[in-house]
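For reference, the structure discussed in these notes is given below.
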Amino acid sequence: MKTRRLGGTAGEGAGQGLEVSQQGLGCMGMSDFYGEGDDAESTRTIHRALDLGVTFLDTADIYGPFANERLVGRAIADRREQVVLATKFGNVRGENGEWLGIRGDAPYVHEACDASLQRLGVEHIDLYYQHRVDPNVPIEETVGAMAELVAAGKVRYLGLSEASPETIRRAHAVHPITALQTEYSLWTRDVERKILPTVRELGIGFVPYSPLGRGFLSGRWRSPEEIPAGDFRRNNPRFQGENFARNMAIVERVRELADAKGATPAQLALAWVMARGDDVVPIPGTKRVRYLEENVAATQIELTEDDLLQLDQAAPVGAAAGERYPDMSSIDR
């Protein structure tokens, strides 16, 4: 597994950046949102990822809620030195899973970090993201508090998730931002307009989540009814009705191109994301070893200029039908 560097490529005080595997592992679905989990299989998946050279693990306090950090912490307890560990704060949930809003005030930043450290069972977090921007708290206050965590040795590098270009600039002026995490895939290319140019200007790494379009680009489903009960994708606009049918046209074209490359649709979609630049490190999520191994194999696929052109034509910016979430109000735009 090759490595890539997040951040540290521009700007005074940016440092040397954070070295991670060229593909990470998103752990959210092991504990939440994608139906029933299996802790034993999830743990095997994390261990297999480390064996294959995937060092970059991504979690968040709200996944479970709280259960995913504990799961990841247990899985890496005797292999901590192999892991670049990322987690997130800002979305607030109660013990029963209830959603309690977004917080970015300084006291909460410290409180959330301490709680994550305890659940993960680690002395420091390698990359600490603000999961969603709090519209009621200046980003300068939030990042100022995050910088205090760095000074205290609790956090090594700072990140943002789903932040607008203006917010990114203001945050980076307070303390170097190492990575921006935002949804990006063949069917979610909005970031190419303003977000990617901004982070590249500032020397900030880019971490795409849902690089397989929440699994849609894998071609796993043929109709919305196949999505299991309890899976939040049943309520996602892109997985419903006419939107589903329109988006399937993208999947079918990706499948044709993948067949020609001797790859699966998921592998081709991942290879496309990784080909967007050496500052791009996708974190496909899975809770099963077999899908992890399929995803990791995508790192061996080399795309030609013609391959990239055909994929751009198959899924141009704005091609996907439907919003990314049922409620987009928490996205900083």
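This one's a predicted model, so the numbers in the text were calculated from it and none came from an experiment. Only heavy atoms go into these numbers, but all of them, side chains included; no hydrogens, no water, no symmetry mates.
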Are W272 and L257 grouped together when hydrophobic residues (ILVMFWY) are joined by side-chain heavy atoms under 4.5 angstrom apart? yes

L212, F244: one ILVMFWY side-chain cluster at the under-4.5 Å cut-off? no

Under 3.5 Å donor-acceptor, K154 side chain and M146 backbone: no

Under a 3.5 Å distance rule, please check whether N247 uses its side chain to pair with a backbone N or O of N243 as donor and acceptor. yes

If hydrophobic clusters are built by linking Ile, Leu, Val, Met, Phe, Trp and Tyr wherever their side-chain heavy atoms come under 4.5 Å apart, do L52 and V273 end up in the same one? yes

Do side-chain atoms of N91 reach the backbone of R132 as a donor and acceptor pair under 3.5 angstrom? no

Under 3.5 Å, side chain of H47 to main-chain N/O of A75, donor-acceptor pair present? yes

Under 3.5 Å donor-acceptor, E141 side chain and A106 backbone: yes

Can you check whether N96's main-chain N or O pairs, donor with acceptor, with E98's side chain at less than 3.5 Å? yes

On a heavy-atom basis, the closest approach of P326 and N235 is CG-O, 3.2 Å

Short side-chain to backbone donor-acceptor contact, E41 and V289, under 3.5 Å: yes

Assign the ring pair W187 / F239 to parallel, tilted or perpendicular, where the plane angle (0 to 90°) is split at 30° and 60°. perpendicular

Any donor-acceptor pair under 3.5 Å linking the side chain of N236 with the backbone of R324? yes

Residues R170, E140; criterion salt bridge (Lys or Arg N to Asp or Glu O under 4.0 Å); working and verdict: CA-CA 7 Å; R170 289 169 54 195; E140 290 81 1; 2.8 Å; yes

May I ask you to decide whether R253 forms a salt bridge with E256, counting only side-chain N to carboxylate O separations under 4.0 Å? yes

Judged by atom type as modelled, is there a donor-acceptor pair below 3.5 Å linking the side chain of R4 to the main-chain atoms of G277? yes

Looking at V281, is its backbone amide N or carbonyl O close enough to the side chain of Q23 to form a donor-acceptor pair, meaning the two atoms are under 3.5 Å apart? no

I want to check a possible cation-pi pair here: R214 against Y325, using under 6.0 Å from ring centre and within 45° of the ring axis as the test. yes

